[in-house]
Amino acid sequence: MRHCQSAIQVFCGVGFFLVLSCTDVAVVDQHIAIDSHAWHYDDQPRVVAHITDTTRPYNIYLNLRHTPDYQYSNIFILLHQHQPQGRDTTERFELRLAEPDGRWLGRGTGSVYAHQQLIKENVRFPDTGSYVFGLEQNMRDNPLREISDVGLRIEPVE
């Protein structure tokens, strides 16, 4: 009987996971690991988004994970964008990672804090094709320590 209950729990968990994974409409939702939790200026993780619909607006979120030993309450990031027709842009964003009293924002799981922050809202991509986004840390420290991974989530606005 206990074996059957476990099998049902596993099946229900898998079914629940399948329902969740089928409803995710993101064009991309990616995290790229930072080697040794030390993010160097010249280490610029790249995320490729394949845009097929130029009529829909999209929201762009920055994904970031850090350890509790990260020294700052914020982070500055340069987002480099290369469009299919060759136009390049760069924008600077600041993410607040902690409250003034030092409490971390985001979700804490074990020894990692995860953040997903909206950085661009209702963006319309001018062309279909592959957009390449480069993420560059823009802090004074090189390397910037205790960043475990960084990435982007791009999803159509509902």
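Computation of the quantities below employed the complete heavy-atom set of this structure, encompassing side-chain atoms and omitting hydrogens, waters and symmetry-equivalent molecules.
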Distance-minimising heavy-atom pair for Gln137 and Asn142: NE2-OD1, 4.1 Å
Heavy-atom side-chain contact between Pro45 and Trp39 under 4.5 Å: yes
Residue pair His115 / Arg65, side-chain heavy-atom distance below 4.5 Å: no
CG on Asp35 to CG on Asp149, rounded to 0.5 Å: 11.5 Å
Point-to-point distance, once rounded to the nearest 0.5 Å, from CD1 of Ile77 to CG of Leu64: 6.0 Å
From His50 atom NE2 to Ser130 atom OG, the distance as rounded to the nearest 0.5 Å: 4.0 Å
Backbone N/O of Pro143 and side chain of Asp141: donor-acceptor pair under 3.5 Å: no
Contacts of type ring pair (Phe, Tyr, Trp, His ring centres under 6.0 Å), residue Phe76, not counting sequence neighbours: none
Minimum side-chain heavy-atom gap Val48-Val28 below 4.5 Å: no
Min side-chain heavy-atom separation Ile75-Ile147 under 4.5 Å: yes
Backbone N/O of Tyr113 and side chain of Tyr70: donor-acceptor pair under 3.5 Å: no
Non-hydrogen atoms of Leu95 and Gln117 that approach each other most closely: CG-OE1, 3.5 Å
Main-chain N/O of Gln85 paired to Gln83 side chain as donor or acceptor, under 3.5 Å: no
Nearest heavy atoms of Val150 and Leu62, plus distance in Å: CG2-CD1, 4.1 Å
Any side-chain donor near an acceptor of the partner, Tyr58 and Asn122, under 3.5 Å: no
Ile60 side, atom CD1; Phe93 side, atom CZ - distance, nearest 0.5 Å: 7.5 Å
Nearest heavy-atom neighbours spanning Val47 and Gly151: CG2-CA, 4.5 Å
Distance (rounded to the nearest 0.5 Å) between Ile34 CD1 and Arg145 CZ: 13.0 Å
Check: Glu121/Asn59 side-chain N/O donor and acceptor closer than 3.5 Å: no
Thr67 side chain vs Ser111 backbone, donor-acceptor pair below 3.5 Å: no
Lys/Arg N to Asp/Glu carboxylate O, Arg96 vs Glu94, below 4.0 Å: no
For Tyr61, ring pair (Phe, Tyr, Trp, His ring centres under 6.0 Å) partners two or more places apart: none
Aromatic ring proximity His37/His66, centre distance under 6.0 Å: no
Exercise: identify the closest heavy-atom pair between Asn74 and Met139: O-CE, 3.7 Å
Flag side-chain contact, heavy atom, 4.5 Å: Ser148 against Val112: yes
Side-chain heavy atoms of Gln30 within contact of Leu152, under 4.5 Å: no
Salt bridge (charged side-chain N to carboxylate O under 4.0 Å, His left out) against Glu91, all qualifying residues, sequence neighbours excluded: Lys120
Sequence-distant partners of Thr90, side chain to side chain contact (heavy atoms under 4.5 Å, CB included), two or more places apart: Leu78, His80
Contacts of Phe133 that satisfy ring pair (Phe, Tyr, Trp, His ring centres under 6.0 Å) - sequence neighbours left out: none
From Glu158 atom CD to Arg56 atom CZ, the distance as rounded to the nearest 0.5 Å: 5.5 Å
What pairs of donor and acceptor atoms, side-chain ones from residues 100-109 against any protein atom, are under 3.5 angstrom apart with sequence neighbours left out?
from, atom 1, to, atom 2, distance (Å)
Asp101, OD1, Arg103, N, 3.0
Asp101, OD1, Arg103, NE, 3.3
Asp101, OD2, Arg103, NE, 2.8
Asp101, OD2, Arg103, NH2, 3.2

same_hphob_cluster(Val123, Ile154) at 4.5 Å side-chain heavy-atom cutoff: yes
Electrostatic pair Arg124:Asp53 at N-O distance under 4.0 angstrom: no
